[in-house]
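As the structure is a computational prediction, the values presented were derived from the model and not from experiment. Below, read A as the first sequence line, B as the second, and so on, with proteins coming before strands; counting in each chain starts at 1.
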2 protein chains.
Amino acid sequence: MTSSKTDLRVIRTRKLIMDSFITLSSKKEFKDITVKDITTEAMINRATFYYHFEDIYDLLEKVLSEVLLINLNDDFLQHNELNEGAFIILFKAITNFQKSLSNRCHRGYEETIARIIREQLEIIFYKMLLKQNVTTENEALKMTAVILSWGIYGASIEWRTSNQEIQPEEFIKPAIPYLMAGIDGQK
Amino acid sequence: MTSSKTDLRVIRTRKLIMDSFITLSSKKEFKDITVKDITTEAMINRATFYYHFEDIYDLLEKVLSEVLLINLNDDFLQHNELNEGAFIILFKAITNFQKSLSNRCHRGYEETIARIIREQLEIIFYKMLLKQNVTTENEALKMTAVILSWGIYGASIEWRTSNQEIQPEEFIKPAIPYLMAGIDGQK
DNA sequence: TTTGAATTGTTGTTTATACAACACTTTGAA
DNA sequence: TTCAAAGTGTTGTATAAACAACAATTCAAA
């Protein structure tokens with residue numbers, strides 16, 4: 001137990017910064033967002049930002065894993081089961097997110113983003129598989145989740161690098177029968 | 001000049017408290033809102049509340065004059081001139097606001113609210129009169145604003161104490177020809 | 001009416017944050 | 001290219017705010 005109850009100011013300031021970043025992200029490209037922008041929006045001093053985050057990429061990473069995909073996660077788990085429609089929704093969410101990110105390459109943060117997205121996808125898939133498969137053993141489900149997360153993420157990269165003019169929805173559709181077959185087989 | 005630039009923390013905290021109070025006001029009656037409720041919503045310590053405000057009535061007073069009616073003020077000045085429709089909108093806003101307040105009588109704060117509402121009304125009326133009367137001298141316009149603010153506020157009290165089953169809109173309509181006559185006379 | 005829980009308002013101490021100033025880097029226009 | 005403006009990241013000091021503890025009051029339920 002390391003939880004010696006963090007100071008309320010720390011919690012509040014982190015939240016203010018993250019919320020401001022999310023707000024700004026919906027208005028600007030990531031590459032156009034400065035630390036000053038964020039701290040102004042959050043009404044905190046710029047020096048305070050560096051007390052909590054190494055830099056703006058560190059913030060991005062934390063927002064990514066703690067906020068954006070966690071939210072997706074919750075929404076998703078409540079309303080959907082892992083069927084054709086679910087794959088399409090997920091794939092659209094990922095491609096949307098990638099579109100909103102800058103294409104500027106700096107400090108290898110794209111690798112970081114990729115890793116986080118895959119990790120979060122894996123969690124989502126595992127939870128959903130667990131919900132609809134009482135019989136199959138957990139190790140098998142975990143493995144399926146890993147494969148699905150890499151597979152779907154890979155597909156989104158394929159979509160991004162080659163032909164973005166095709167709608168994500170249409171892009172992923174051909175793969176769905178294959179994806180579903182594996183899952184149905186486990187039932 | 002006393003403006004030696006206030007600490008950003010002070011501005012932020014005041015805003016957090018006021019915003020939280022407004023948020024809570026839309027969910028609960030005033031009399032059911034505790035200081036703890038506000039500070040929890042605002043993510044600040046309860047002691048900090050008392051650093052900025054004497055008590056919850058002091059907060060109410062400040063929110064009233066700094067936020068609620070100021071907003072009405074701005075919206076109003078941009079979109080309307082002082083005609084029949086404007087009187088109806090204003091009157092509805094006041095009666096709505098009074099309905100939303102608690103009827104609990106404590107520390108004579110109703111008098112305070114009344115005063116603030118009248119003051120704000122006076123400001124609104126004066127600005128609008130100024131906008132549409134280039135000729136009339138300012139002292140006369142100020143006096144008109146005073147009379148209008150007391151008159152309209154009095155009408156809202158009349159509405160509140162006697163027959164709330166009549167719509168505010170219908171209640172004020174009979175008085176409008178008289179109100180407008182005085183204004184048109186000044187043009 | 002009595003009791004216990006919740007709310008109010010206050011105080012001393014600790015700590016997170018504001019502020020100002022700094023050197024360094026990036027960027028965009030002359 | 002050169003220069004000014006904007007952005008980054010850091011530090012020492014001052015201060016607002018957190019925390020914990022307290023007595024006093026209010027309020028609902030036994």
Side-chain angles (χ1 to χ4, degrees), chain A residues 1-21 23-25 27-63 102-109 112, chain B residues 1-21 23-25 27-63 102-109 112:
Chain A
M1 291 295 290
T2 52
S3 68
S4 52
K5 218 177 25 166
T6 38
D7 194 306
L8 180 55
R9 284 171 289 189
V10 172
I11 300 170
R12 185 185 59 224
T13 300
R14 286 223 168 95
K15 181 173 160 52
L16 286 172
I17 292 175
M18 290 186 165
D19 287 350
S20 299
F21 177 66
T23 301
L24 288 173
S25 293
K27 296 181 193 158
K28 292 185 183 189
E29 296 260 336
F30 173 75
K31 72 167 172 13
D32 296 327
I33 298 174
T34 69
V35 174
K36 185 70 197 146
D37 289 337
I38 296 167
T39 57
T40 301
E41 172 83 19
M43 297 183 77
I44 59 146
N45 192 278
R46 200 166 56 83
T48 306
F49 176 92
Y50 293 102
Y51 180 88
H52 293 281
F53 303 95
E54 266 190 32
D55 53 31
I56 206 170
Y57 303 101
D58 183 35
L59 170 63
L60 173 67
E61 179 169 348
K62 280 168 179 153
V63 168
S102 154
N103 46 9
R104 170 171 123 182
C105 232
H106 182 9
R107 227 197 59 173
Y109 82 97
T112 305
Chain B
M1 290 299 288
T2 52
S3 69
S4 52
K5 218 175 31 164
T6 37
D7 194 306
L8 180 56
R9 284 172 290 189
V10 172
I11 300 170
R12 185 185 60 224
T13 301
R14 287 222 168 97
K15 180 172 159 50
L16 286 172
I17 292 175
M18 289 185 167
D19 287 351
S20 299
F21 178 66
T23 302
L24 287 174
S25 292
K27 295 182 195 158
K28 290 187 185 189
E29 295 260 336
F30 174 74
K31 73 168 171 16
D32 295 328
I33 298 174
T34 68
V35 173
K36 185 69 197 148
D37 289 338
I38 296 167
T39 57
T40 301
E41 172 84 21
M43 296 184 79
I44 60 147
N45 192 279
R46 199 165 56 80
T48 306
F49 176 93
Y50 292 103
Y51 180 87
H52 293 281
F53 302 96
E54 265 191 32
D55 53 31
I56 207 171
Y57 302 101
D58 183 36
L59 169 63
L60 173 67
E61 178 169 351
K62 279 165 179 153
V63 168
S102 154
N103 45 11
R104 169 169 126 182
C105 230
H106 183 7
R107 228 198 59 173
Y109 82 96
T112 305

Asks: Apply side chain to side chain contact (heavy atoms under 4.5 Å, CB included) to Lys15(A) and list each qualifying residue two or more places apart in sequence or on a separate chain.
Replies: Asp19(A), Met43(B)

Asks: I need the CZ-P distance between Arg9(A) and dC19(D), as an integer number of Å.
Replies: 7 Å

Asks: Scan nucleotides 4-9 of chain C nucleotide by nucleotide, 5' to 3', and note B when protein non-hydrogen atoms come under 4.0 Å of the base, S if they reach only the sugar-phosphate, - if neither.
Replies: ---SBB

Asks: The side chain of Asn45(B) lies closest to which of these nucleotides: dC19(D), dA16(D), dA20(D)?
Replies: dC19(D)

Asks: Restricting to side chain to side chain contact (heavy atoms under 4.5 Å, CB included), what partner residues turn up for Ser20(B), sequence neighbours left out?
Replies: Ile38(B), Glu41(B), Ala42(B)

Asks: dT17(C) P sits how many Å from Ile44(B) CD1, rounded?
Replies: 15 Å

Asks: If only side-chain N and O atoms of Thr13(A) are considered, is one of them under 4.0 Å from the OP1 or OP2 phosphate oxygen of dT17(C)?
Replies: yes

Asks: Rounded to whole angstrom units, what separation is found between the CZ atom of Phe53(B) and the P atom of dA17(D)?
Replies: 11 Å

Asks: Consider the side chain of Arg12(B), meaning its heavy atoms from C-beta on, and name the nucleotide among dA18(C), dA17(D), dA20(C) that approaches it most closely.
Replies: dA18(C)

Asks: Not counting sequence neighbours, which residues clear salt bridge (charged side-chain N to carboxylate O under 4.0 Å, His left out) with Asp32(B)? List them please.
Replies: none

Asks: Using atom CG of Asp58(A) as one end and atom C1' of dT8(D) as the other, report the distance to the nearest whole Å.
Replies: 15 Å

Asks: To the nearest 0.5 Å, how far apart are OH in Tyr50(A) and CG in Asp58(A)?
Replies: 11.5 Å

Asks: Which residues pass the salt bridge (charged side-chain N to carboxylate O under 4.0 Å, His left out) test with Arg12(B), sequence neighbours left out?
Replies: none

Asks: Looking at CZ of Phe49(A) and CG of Leu59(A), how far apart are the two atoms once the value is rounded to the nearest 0.5 Å?
Replies: 5.0 Å

Asks: Do His52(A) and Val10(A) make a side-chain contact, defined as non-hydrogen atoms from C-beta onward lying under 4.5 Å apart?
Replies: yes

Asks: How long is the line joining NZ of Lys31(A) and C1' of dT27(C), in whole Å?
Replies: 13 Å

Asks: Strictly below 4.0 Å: does His52(B) bring a side-chain N or O up to OP1 or OP2 of dA16(D)?
Replies: no

Asks: In Å and rounded to the nearest 0.5 Å, what is the CD1 to CZ distance from Ile11(B) to Arg9(B)?
Replies: 11.5 Å

Asks: Round to a whole Å and report the spacing from CD1 of Ile11(B) to C1' of dA17(D).
Replies: 15 Å

Asks: Could you give the angle between the helix axes at the two ends of the helix from dT1(C)-dA30(D) to dA30(C)-dT1(D), with five pairs per end, rounded to 10 degrees?
Replies: 60°

Asks: So, does Thr39(B) use its side chain to make a donor-acceptor pair with the main chain of Lys36(B) at under 3.5 Å?
Replies: yes

Asks: From the set dA16(C), dA20(C), dA18(C), return the single nucleotide nearest to any side-chain atom of Tyr51(A).
Replies: dA16(C)

Asks: Rounded to the Å, how far apart are Arg14(A) CZ and dT17(C) C1'?
Replies: 13 Å

Asks: With nearest nucleotide decided by heavy atoms, which residue, Asp7(B) or Leu8(A), maps closer to the 5′ end of DNA chain D?
Replies: Asp7(B)

Asks: Could you please name the option among dA20(C), dT17(C), dA17(D) that lies closest to any side-chain atom of Ala47(A)?
Replies: dA20(C)

